[in-house]
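All heavy atoms count here, side chains included; hydrogens, waters and symmetry mates do not. Here the structure is a predicted model, which means the values were calculated and not measured.
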Amino acid sequence: MNDRERKRGPDDALNQLFDRLVGDEDRAAAGAGKPVEAIGAEAAQAYISSMGANIENVEAFVVLEIVRADSIGSITRQGFVEGWSSIYLDHRIPADPAHHRNYVRMCIQNLPQNPAYFKKVYQFAFGLGKEPAQKALEKDVALVFWDLFLGTESSDTGLGPRPWKSKNVDWLGAWKRFLAEKWTRSVNKDMWNQTLAFAEKTMVDETLGFWNEDQAWPGVIDDFVLWCRDQGIAKAPAPGTAGGDGMDVEDY
């Protein structure tokens, strides 16, 4: 291996792999004689499936995060090459579909078990779901994504990798009911990220004793806590036993 390969990874081989993904529609979109710099939805879905990932659930996000996709319906040459080249440099995964497939399968299996990796893919999904000119997710898109990542038995999409449910509370169901009643706006990045931070804490303390009004949770989270207590979903801790002290909001 020469110095260039050590520093940049197998870029030539990865470009060749990308070329194999290009379909007639992508060539037509690029224009005659011009290099194809991105594949569209049909080719992107075929690629995700070829990696052994289910395009109907969160497994698709695992592949899209690896290839640094800008949207659900497109994979760029730059993202594909840079993403897999980075994997090669970190893990020595050769530029070969079979090895890539094995790596994707390992990542999918790791998703429910590794909170840090789950957080990485969850946060990446935010950019995939919004329109390029927008700064926030449409509420309906966010709800679908929450179902995919945090789904419980009551979810339309089935169980997610890390269901948002504690022993006695289906938190995702409560969150969706609250948003249906109280939230008419879109979902910005801070709300998206802090929802996961909040979800992780509720699965440890379903009394919501970790929360207090002096913390820097988004206002919608504060309103959800009060709504839950009004609904009898979570009882406030006894006086003098509040668990909020020292429980800072996650830096997401």
Aromatic contact, Y122 with F145 (centres under 6.0 Å): no
Closest approach of V225 to L208 (non-hydrogen atoms, all atoms of both residues): CG1-CD1, 3.9 Å
Whether K139 side chain and L179 backbone form a donor-acceptor pair below 3.5 Å: yes
Audit row: E181, W227, side-chain contact (heavy atoms from CB on, under 4.5 Å) steps and yes/no: CA-CA 10 Å; E181 293 179 18; W227 180 87; 3.1 Å; yes
Over 12 foreign heavy atoms within 6.0 Å of CD, Q231: yes
T202 side chain reached by F210 side chain, heavy atoms, under 4.5 Å: yes
Distance (rounded to the nearest 0.5 Å) between I55 CD1 and I72 CD1: 11.0 Å
Geometric cation-pi criterion, R92 with Y88: 6.0 Å, 45°: yes
Spacing of CG belonging to L159 relative to CG belonging to L150, to within rounding of 0.5 Å: 11.5 Å
S49 side-chain N/O to A46 backbone N/O, donor-acceptor pair under 3.5 Å: no
Heavy-atom check, side chain of W146 versus side chain of V187, under 4.5 Å: yes
Gap separating the OG1 atom of T195 from the CG atom of D190, nearest 0.5 angstrom: 8.5 Å
Beyond-backbone contact of L172 with P163, side-chain heavy atoms, under 4.5 angstrom: no
Residues that E206 engages under side chain to side chain contact (heavy atoms under 4.5 Å, CB included), provided they are two or more places apart: S166, K167, N168, V169, W171
Contact check, side chains of V141 and V144, non-hydrogen atoms, under 4.5 Å: no
Residue pair T157, N57: steps toward the side-chain contact (heavy atoms from CB on, under 4.5 Å) verdict: CA-CA 8 Å; T157 59; N57 64 29; over 6 Å; no
W192 and F126 aromatic ring geometry - parallel, tilted or perpendicular at 30°/60° bounds: tilted
Value rounded to 0.5 Å, distance of CH2 in W84 from CG in L14: 9.0 Å
Under 3.5 Å side-chain donor-acceptor pair for D205 and W211: no
Closest heavy-atom pair and its distance - P112, R162: O-NH1, 2.9 Å
Considering all heavy atoms, the nearest L137-G129 contact: CD2-C, 3.2 Å
Heavy-atom neighbours of E37 CD exceed 12 at 6.0 Å: yes
Other residues, nucleotides, ligands: >12 heavy atoms within 6.0 Å of E25 CD: no
R105 side chain to G52 backbone, donor-acceptor under 3.5 Å: yes
D24 atom CG: more than 12 heavy-atom contacts under 6.0 Å: no
Derivation and outcome, side-chain contact (heavy atoms from CB on, under 4.5 Å), residues K130 and K189: CA-CA 10 Å; K130 66 182 185 64; K189 189 173 183 178; over 6 Å; no
Side chain proximity check, R68 to S86, heavy atoms < 4.5 angstrom: yes
Nearest-0.5 Å distance, CD of residue E56 to CG of residue L148: 9.5 Å
Set of residues satisfying salt bridge (charged side-chain N to carboxylate O under 4.0 Å, His left out) with respect to D147, sequence neighbours excluded: K176
R77 side-chain N/O to V36 backbone N/O, donor-acceptor pair under 3.5 Å: yes
Ring centre gap for F18 and Y47 strictly below 6.0 Å: no
Minimum heavy-atom distance between H100 and M51, given as atom pair plus value: CB-SD, 3.7 Å
Shortest non-hydrogen contact from G40 toward D26: N-OD1, 2.8 Å
F224 vs W175 side-chain heavy atoms within contact, under 4.5 Å: yes
Nearest-0.5 Å distance, CZ of residue R27 to CG of residue D19: 8.0 Å
Shortest non-hydrogen separation from R177 to I233 and the atoms involved: NH2-CD1, 3.9 Å
Candidate pair D223 and W183, rule side-chain contact (heavy atoms from CB on, under 4.5 Å), full reasoning: CA-CA 10 Å; D223 291 343; W183 191 256; 5.9 Å; no
Q215 side chain to N212 backbone, donor-acceptor under 3.5 Å: yes
Flag, side chain of N193 to backbone of L196, donor-acceptor distance under 3.5 Å: no
Test side chain to side chain donor-acceptor pair (under 3.5 Å) applied to S154 and T152, step by step: CA-CA 5 Å; S154 63; T152 65; 3.0 Å; yes
